[in-house]
Amino acid sequence: MIQRSNIVLLVVILGFIATQVESLRFNLQSGETKCIAEDIKSHAMTVGKYHIVNHHEGYPLPDTHRITVRVTSTFGNTYHQSDNVIEGHFAFETAEAGDYMTCFFAADHKPPLTLNIDFDWKTGVAAKDWTNVAKKGSVEVMEFELKRMLENVQAIHDEMFFLREREAEMQELNRSTNSKMAWMTGLSILLCLSVAGLQVWHLKTFFEKKKLI
């Protein structure tokens, strides 16, 4: 029979694996822009790191290998912007819920260049530096893992309420749309009947004047 401590340790390990976030690597052509969007709730911590991958270690990147990075919210507010850089990072707490977009732009170059970008973007619990937390708190391994699991549970709890609010907004939007469609349908039917009635009256008057009926 598996002991309870082993079960707890297994849960901790699974929670540890589930919270790992791997960085994203993609190619960016010169003269082009690539954007990455992330749906983030309000008052959530988000951090990001990016750099141009140097495939020739020991040699500096040429001046042509530069990018411009901009992070904006769904309302167009700019939270981070860096021009003509090789690498950089950002960290901020979101003020509003919605899609946050990180856009990478490489200046046009002849002949065209292809830059390899490494981008690591974490939000919520994943944005916390748990290694530093463990060092500062001088906590034991199990206590450290339990704290992180508690943070994960709290994040899931908050995410569920966030999704519930979004679902309520969508339901309200659907009800409003259905109500408007019902009014439009009724108005369209009334308009069609009115036009049909006017056509019948016009034809009847025309035939009576022509003494056809």
Side-chain angles (χ1 to χ4, degrees), residues 14-15 17-24 26-29 31-48 50 68-81 90-105 117 119-128 148-213:
L14 291 176
I17 295 174
T19 56
Q20 300 306 300
V21 179
E22 295 184 357
S23 60
L24 173 67
F26 59 92
N27 291 330
L28 178 65
Q29 299 289 335
E32 295 184 356
T33 300
K34 279 193 177 182
C35 295
I36 300 172
E38 182 77 15
D39 187 12
I40 308 176
K41 62 184 179 180
S42 60
H43 305 295
M45 188 66 188
T46 181
V47 297
Y50 54 87
T68 295
V69 183
R70 186 182 182 191
V71 183
T72 57
S73 70
T74 187
F75 298 102
N77 299 321
T78 300
Y79 284 83
H80 171 78
Q81 180 163 349
F90 59 83
F92 59 88
E93 182 178 351
T94 58
E96 60 262 346
D99 288 332
Y100 285 77
M101 190 169 295
T102 303
C103 293
F104 299 83
F105 169 75
I117 311 297
F119 181 40
D120 186 9
W121 195 0
K122 299 179 181 179
T123 301
V125 177
K128 292 190 175 182
R148 181 162 58 180
M149 290 177 64
L150 181 61
E151 288 282 351
N152 287 334
V153 172
Q154 185 63 41
I156 294 173
H157 180 266
D158 295 340
E159 187 68 21
M160 290 178 63
F161 274 94
F162 172 68
L163 294 175
R164 185 179 298 176
E165 291 176 359
R166 295 291 292 271
E167 182 182 3
E169 293 175 0
M170 292 298 299
Q171 289 179 352
E172 182 62 28
L173 179 61
N174 290 336
R175 283 194 292 267
S176 176
T177 303
N178 292 336
S179 177
K180 291 178 181 177
M181 289 297 297
W183 277 102
M184 289 294 297
T185 302
L187 184 61
S188 299
I189 294 174
L190 181 61
L191 183 61
C192 291
L193 292 176
S194 300
V195 172
L198 287 173
Q199 289 179 340
V200 171
W201 175 80
H202 176 73
L203 291 174
K204 181 179 179 182
T205 304
F206 175 76
F207 289 144
E208 287 178 347
K209 288 183 179 180
K210 296 295 184 179
K211 297 182 180 179
L212 297 176
I213 57 175

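None of these values were measured; they are calculated from a predicted model. Numbers here simply count residues along the sequence, with the first being 1. The figures here come from the full heavy-atom set of this structure, side chains too, leaving out hydrogens, waters and symmetry mates.
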- Of all the heavy-atom pairs spanning D39 and G98, show the shortest one and how long it is. OD1-O, 3.3 Å
- Query: Does the K34 side chain pair with the main chain of N27, one donor and one acceptor, at a distance under 3.5 Å?
  - Reply: yes
- Does a side chain donor of either E96 or S73 reach within less than 3.5 Å of an acceptor in the other side chain? yes
- Separation of R175 CZ from K180 NZ (nearest 0.5 Å): 13.5 Å
- Task: State, with a plain yes or no, whether a side-chain heavy atom of V69 is found less than 4.5 Å away from one of F119.
- Result: no
- Message: Please evaluate residues F26 and I36 with respect to the criterion side-chain contact (heavy atoms from CB on, under 4.5 Å), reporting the C-alpha separation (whole Å), side-chain torsions for both, the decisive distance (0.1 Å), and the verdict.
- Response: CA-CA 11 Å; F26 59 92; I36 300 172; 3.8 Å; yes
- Could you state the interatomic distance from CD1 (I189) to OG (S194), rounded to the nearest 0.5 Å? 11.5 Å
- Y79 vs F90, side-chain contact (heavy atoms from CB on, under 4.5 Å): CA-CA, chis, key distance, verdict: CA-CA 8 Å; Y79 284 83; F90 59 83; over 6 Å; no
- Query: Which value, rounded to the nearest 0.5 Å, describes the distance between T72 atom OG1 and Q81 atom CD?
  - Reply: 10.0 Å
- Mind listing the closest non-hydrogen atom pair of K41 and E159 along with its distance? NZ-N, 3.8 Å
- Message: Within this structure, what is the CE-CG distance for the pair M170 and L163, rounded to the nearest 0.5 Å?
- Response: 12.5 Å
- Note on the structure: Between A97 and T74, the two heavy atoms sitting closest are O-CG2, 4.0 Å
- Side-chain touch T46/Y100, heavy atoms, less than 4.5 angstrom: no
- Query: Measuring from L28:CG to T33:OG1, what's the distance to the nearest 0.5 Å?
  - Reply: 7.5 Å
- Query: Are any side-chain N or O atoms of S176 and backbone N or O atoms of E172, one a donor and one an acceptor, separated by less than 3.5 Å?
  - Reply: no
- Task: Without swapping roles, check the side chain of T94 against the backbone of H43 for a donor-acceptor pair under 3.5 Å.
- Result: yes
- What is the minimum heavy-atom distance between A95 and S42, and which atoms define it? O-CB, 4.1 Å
- Atom pair CG/CZ of L173 and R166 - distance to nearest 0.5 Å: 11.5 Å
